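Data block below; observations after.
FYI, the numbering just counts along the sequence from 1. Model, not experiment: these values are computed from the prediction. Keep in mind that the numbers below use all heavy atoms, side chains included, and drop hydrogens, waters and symmetry copies.
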Amino acid sequence: MALFLAACASGPRVVPEAERPAPVTRPTPVAPRPIAPGLPQDVERHRIALLVPLSGPNAGVGRSLQNATQLAVLDTKSDVLRITTYDTAAPGGAAAAAQQAISDGNRLILGPLLAEEAREVAPIARRARVPVLSFSNDAGVAGNGTFILGYVPAQSIERVVNFAKRSGITDFAGLVPSGLYGERASTAFLRAVESAGGKVNALETYDGRPGSMTTAIAKIGRSPFDAILVAGSAEGAVTAAPLIRRTTSGKAARLLGTELWNTDSAIGGKAALNGAWFASVPDNYYRQYATKYRARFGTAPYRLSTLGYDAVLLTVRIARGWRPGDEFPAARLTEREGFAGLDGAFRFGRDGVAERALEVQEVRGGTTATVSPAPANFGAN
């Protein structure tokens, strides 16, 4: 006990410095990163907006265009594009979709689908210096930063008229629907026939009223013609064909169609149109594309969906010299050598309209056959 008390009285043991625990330090507070509005910024890829209807009556076409852009990115193995889709049928329409797309930092807009939507989007995009590649076929909305990828009726009418004239046809007639499309088709038809050295002996319009088409065709039948342009849809041409055949001139006349006919995947099976000619973008690659599309998405594509695919091909090509974050180099869109895609060769004129290398097809025995191939390049025109 005495020894224990003596040991306690000697005081506490001094711990060497090497054995002392390290002092506890408090971590320096770090301010949280601010949350930025909109989509995460992707500084290594190009931000591209796709404006299409994902709801409403045109949702099917919009979805098909969206799928086509995805397929193009996969096929090109491109990792430099980031495509974000905006619904033009949502509240606020195409204008709201464009404003959101620009706010999110997109430098190029693919779409919208309709001409009236393109008119809404154009001034918004122009103020932000963002080019627009619209899928519309209305040349009236092109210019000032808006480019039209759609199949313009004037080009298909000129192509089929020239082919008919070279085939020996000189006397023409025309049946066109009322409205803006019909007005432009009529103007294009008259100019094309005059330029080719032929004559338009009759030109009538029709509307949706009962008997309107019958009356128009009866008036046309009073004049001689060897070929008649039936502008509008393939279904409208199917209705018109038997009425035309009942007229004296129409019995042996060649039916001519526009680019709208090729949007009908069943055009070849419409017996009433056997022997008819129409000008269209080439179908050489479309069937392969449609097979691949069906395998991936489980359904057939809309014919117009190739516009979305080709818009991506065009963008990938230009992206090789385009730094992410910079403005899209719109001047490269008007390069004279043009571009190539599923729908063949095309290039943009100074008016912003896509000029296309078209072929002429004939409806024949349940299918269509090419009777005048599209030129391989614009130098062959």
Inter-residue atom distance [X].[atom1] - [Y].[atom2], 0.5 Å rounding:
{"X": "Leu51", "Y": "Thr88", "atom1": "CG", "atom2": "OG1", "result": "6.5 Å"}
{"X": "Arg63", "Y": "Asn58", "atom1": "CZ", "atom2": "CG", "result": "13.0 Å"}
{"X": "Phe189", "Y": "Leu203", "atom1": "CZ", "atom2": "CG", "result": "7.0 Å"}

Mind listing the closest non-hydrogen atom pair of [X] and [Y] along with its distance?
{"X": "Asp79", "Y": "Arg45", "result": "O-CD, 3.1 Å"}
{"X": "Phe348", "Y": "Leu333", "result": "CD1-O, 3.4 Å"}
{"X": "Ala253", "Y": "Phe225", "result": "CB-CE1, 3.6 Å"}
{"X": "Ala272", "Y": "Leu255", "result": "O-CD1, 4.3 Å"}
{"X": "Gly150", "Y": "Leu307", "result": "CA-CD1, 4.1 Å"}
{"X": "Gly257", "Y": "Val160", "result": "O-CG1, 3.9 Å"}

Under 3.5 Å: donor-acceptor pair, side chain of [X], backbone of [Y]:
{"X": "Thr368", "Y": "Arg364", "result": "no"}
{"X": "Arg107", "Y": "Glu327", "result": "no"}
{"X": "Thr146", "Y": "Ala142", "result": "no"}
{"X": "Thr215", "Y": "Gly211", "result": "yes"}
{"X": "Arg347", "Y": "Thr334", "result": "no"}
{"X": "Thr76", "Y": "Ala72", "result": "yes"}
{"X": "Glu120", "Y": "Glu117", "result": "no"}
{"X": "Thr370", "Y": "Pro373", "result": "no"}
{"X": "Thr187", "Y": "Glu183", "result": "yes"}
{"X": "Asn201", "Y": "Ser223", "result": "no"}

May I ask you to check whether Phe346 and Phe339 place their ring centers less than 6.0 Å from one another?
-> yes
Whether over 12 other heavy atoms sit under 6.0 Å from [X] [atom1]:
{"X": "Arg296", "atom1": "CZ", "answer": "no"}
{"X": "Lys251", "atom1": "NZ", "answer": "yes"}
{"X": "Arg166", "atom1": "CZ", "answer": "yes"}
{"X": "Arg245", "atom1": "CZ", "answer": "yes"}
{"X": "Glu194", "atom1": "CD", "answer": "no"}

Could you walk me through whether Tyr206 and Thr214 pass the side chain to side chain donor-acceptor pair (under 3.5 Å) test, one step at a time?
-> CA-CA 9 Å; Tyr206 66 93; Thr214 303; over 6 Å; no
Would you indicate whether the side-chain heavy atoms of [Y] and [X] approach each other to under 4.5 Å?
{"X": "Leu50", "Y": "Tyr86", "result": "no"}
{"X": "Asp75", "Y": "Lys292", "result": "yes"}
{"X": "Trp261", "Y": "Ser156", "result": "no"}
{"X": "Thr258", "Y": "Phe278", "result": "no"}
{"X": "Thr205", "Y": "Ser212", "result": "no"}
{"X": "Leu149", "Y": "Ser134", "result": "no"}
{"X": "Glu204", "Y": "Ile217", "result": "no"}
{"X": "Leu256", "Y": "Ile228", "result": "no"}

Please test Glu235 against Lys270 for salt bridge (charged side-chain N to carboxylate O under 4.0 Å, His left out), starting from the C-alpha separation and ending with a verdict.
-> CA-CA 9 Å; Glu235 282 301 322; Lys270 300 184 185 301; 2.7 Å; yes
Test item: side-chain donor near acceptor, [X] and [Y], under 3.5 Å:
{"X": "Thr306", "Y": "Arg303", "result": "yes"}
{"X": "Arg159", "Y": "Ser372", "result": "yes"}
{"X": "Ser265", "Y": "Tyr302", "result": "no"}
{"X": "Thr84", "Y": "Asp104", "result": "no"}
{"X": "Asp283", "Y": "Gln361", "result": "yes"}
{"X": "Ser178", "Y": "Asp207", "result": "no"}
{"X": "Gln66", "Y": "Thr85", "result": "yes"}
{"X": "Tyr293", "Y": "Ser64", "result": "yes"}

For Phe328, the option from Asn106, Leu133, Val130, Ile318 that meets side chain to side chain contact (heavy atoms under 4.5 Å, CB included) = Ile318
Worked check of side chain to side chain contact (heavy atoms under 4.5 Å, CB included) between Ile244 and Ile220 | CA-CA 9 Å; Ile244 293 171; Ile220 291 172; over 6 Å; no
Take Arg317 and Glu337 through the test salt bridge (charged side-chain N to carboxylate O under 4.0 Å, His left out) and record every step on the way to the result.
-> CA-CA 13 Å; Arg317 174 177 164 178; Glu337 65 269 24; 3.5 Å; yes
Under 4.5 Å side-chain linkage, directly or through intermediates, the cluster mates of Leu260 =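 Tyr181, all in the cluster of Leu260.
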Stepwise side chain to side chain donor-acceptor pair (under 3.5 Å) test for Asp343 and Tyr285 = CA-CA 7 Å; Asp343 288 333; Tyr285 301 111; over 6 Å; no
Run the numbers on Ile148 and Asn137 for side chain to side chain contact (heavy atoms under 4.5 Å, CB included), then give the verdict.
-> CA-CA 7 Å; Ile148 298 299; Asn137 67 350; 5.5 Å; no
Evaluate side chain to side chain contact (heavy atoms under 4.5 Å, CB included) for Asn262 paired with Tyr151, printing each intermediate quantity in order.
-> CA-CA 10 Å; Asn262 202 34; Tyr151 318 131; over 6 Å; no
Residues which pass salt bridge (charged side-chain N to carboxylate O under 4.0 Å, His left out) with Lys165, listed by chain and number, not counting sequence neighbours |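 Once residues adjacent in sequence are excluded, Lys165 has no partner under the salt bridge (charged side-chain N to carboxylate O under 4.0 Å, His left out) criterion.
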List the steps, then state whether salt bridge (charged side-chain N to carboxylate O under 4.0 Å, His left out) holds for Arg332 with Glu335.
-> CA-CA 5 Å; Arg332 293 198 56 194; Glu335 293 174 348; 3.0 Å; yes
Are Leu175 and Leu229 close enough, and set up right, to give a side chain to side chain contact (heavy atoms under 4.5 Å, CB included), and what steps lead you there?
-> CA-CA 6 Å; Leu175 177 68; Leu229 175 75; over 6 Å; no
Evaluate the ring planes of His46 and Trp322, with Trp represented by its six-membered ring, and classify them as parallel (under 30°), tilted (30 to 60°) or perpendicular (over 60°).
-> parallel
